[in-house]
Amino acid sequence: HKYASTIIEKCFGLITIELQHEIVEELFHAPDADVLRLLTDSSANYVVQAAIRAASLRDCLMINQRLSPLLPNVPFGKRIQQRINRRLAQ
């Protein structure tokens, strides 16, 4: 998983905004169980953080809306929420 997450992280820096949007939608419109797995897996969590960094304002708002109910149940949920809040403040 580590190498796959590294590839996805790098892709966010190299692809168009439209393609970033498609990946963000695919990641965060998954069922709750799959999104929770992304949030709790040590490698997949980096993909979530990369998505937040690369996301447009619209996508970041969607990520925030999608993750807010799930983050209280995640070990590092507060840190992810802080990252989203900082991104939205930019």
Side-chain angles (χ1 to χ4, degrees):
H1 292 103
K2 182 179 185 322
Y3 298 111
S5 70
T6 302
I7 291 169
I8 298 296
E9 286 179 73
K10 289 185 186 271
C11 284
F12 276 116
L14 301 173
I15 59 178
T16 65
I17 292 170
E18 293 81 17
L19 197 49
Q20 287 175 1
H21 174 72
E22 288 181 35
I23 293 172
V24 165
E25 287 219 331
E26 184 74 25
L27 286 171
F28 297 106
H29 282 97
D32 283 357
D34 293 338
V35 175
L36 280 170
R37 227 174 317 151
L38 283 174
L39 294 169
T40 56
D41 182 87
S42 59
S43 296
N45 189 285
Y46 286 107
V47 173
V48 171
Q49 293 179 46
I52 293 167
R53 279 193 307 271
S56 65
L57 178 59
R58 180 182 79 173
D59 284 341
C60 200
L61 288 168
M62 183 275 298
I63 293 169
N64 185 46
Q65 183 178 23
R66 177 69 174 104
L67 296 185
S68 290
L70 302 175
L71 290 176
N73 305 319
V74 175
F76 296 105
K78 287 183 182 180
R79 295 184 85 176
I80 295 169
Q81 188 64 59
Q82 289 172 344
R83 185 174 297 273
I84 293 169
N85 292 344
R86 279 194 307 269
R87 180 69 179 87
L88 289 172
Q90 293 178 344

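Throughout, numbering of the chain's residues begins at 1 and tracks the sequence.
No side-chain heavy atom of E25 sits less than 4.5 Å from a side-chain heavy atom of Q20. The side-chain heavy atoms of N85 and Q81, taken from C-beta on, include a pair separated by under 4.5 Å. Taking 4.5 Å as the limit, every side-chain heavy atom of C11 sits out of range of all side-chain heavy atoms of L14. Side chains of L57 and L88 form a contact here, defined as non-hydrogen atoms less than 4.5 Å apart. Using a 4.5 Å cut-off on side-chain heavy atoms (C-beta onward), N64 and R87 make no contact. Residues H29 and M62 are in side-chain contact: their nearest non-hydrogen atoms beyond the backbone lie under 4.5 Å apart. L39 places a side-chain heavy atom less than 4.5 Å from the side chain of L71.
Remark: D32 engages R66 in a salt bridge, criterion side-chain N to carboxylate O under 4.0 Å.
Here the closest non-hydrogen pair linking D41 and A44 is OD2-N, 2.8 Å. Residues C60 and A55 share a closest heavy-atom pair of N-CB, 3.8 Å. Taking both residues in full, the closest heavy atoms of F28 and V35 are given as O-CG2, 4.3 Å, listed atom of the first, atom of the second, then distance.
For the atom pair Y46 OH and R53 CZ, the distance stands at 10.0 Å (nearest 0.5 Å). The structure places CD1 of I84 at 10.0 Å from CD of Q49, a figure rounded to the nearest 0.5 Å.
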Before giving the answer on side chain to side chain contact (heavy atoms under 4.5 Å, CB included), spell out for R86 and Q82 the whole-Å C-alpha distance, their side-chain angles and the decisive distance to 0.1 Å. CA-CA 6 Å; R86 279 194 307 269; Q82 289 172 344; 4.0 Å; yes
Apply side chain to side chain contact (heavy atoms under 4.5 Å, CB included) to the pair L36 and L70, showing each step before the final yes or no. CA-CA 7 Å; L36 280 170; L70 302 175; 4.1 Å; yes
Tell me, with the steps shown, if V48 and L67 meet side chain to side chain contact (heavy atoms under 4.5 Å, CB included). CA-CA 10 Å; V48 171; L67 296 185; 4.3 Å; yes
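With I52 as the fixed residue, the side-chain contact (heavy atoms from CB on, under 4.5 Å) test singles out one of I63, D59, V24: I63.
In the hydrophobic clustering of this structure, F12 groups with L61; members are Ile, Leu, Val, Met, Phe, Trp, Tyr whose side-chain heavy atoms approach within less than 4.5 Å, directly or through other members.
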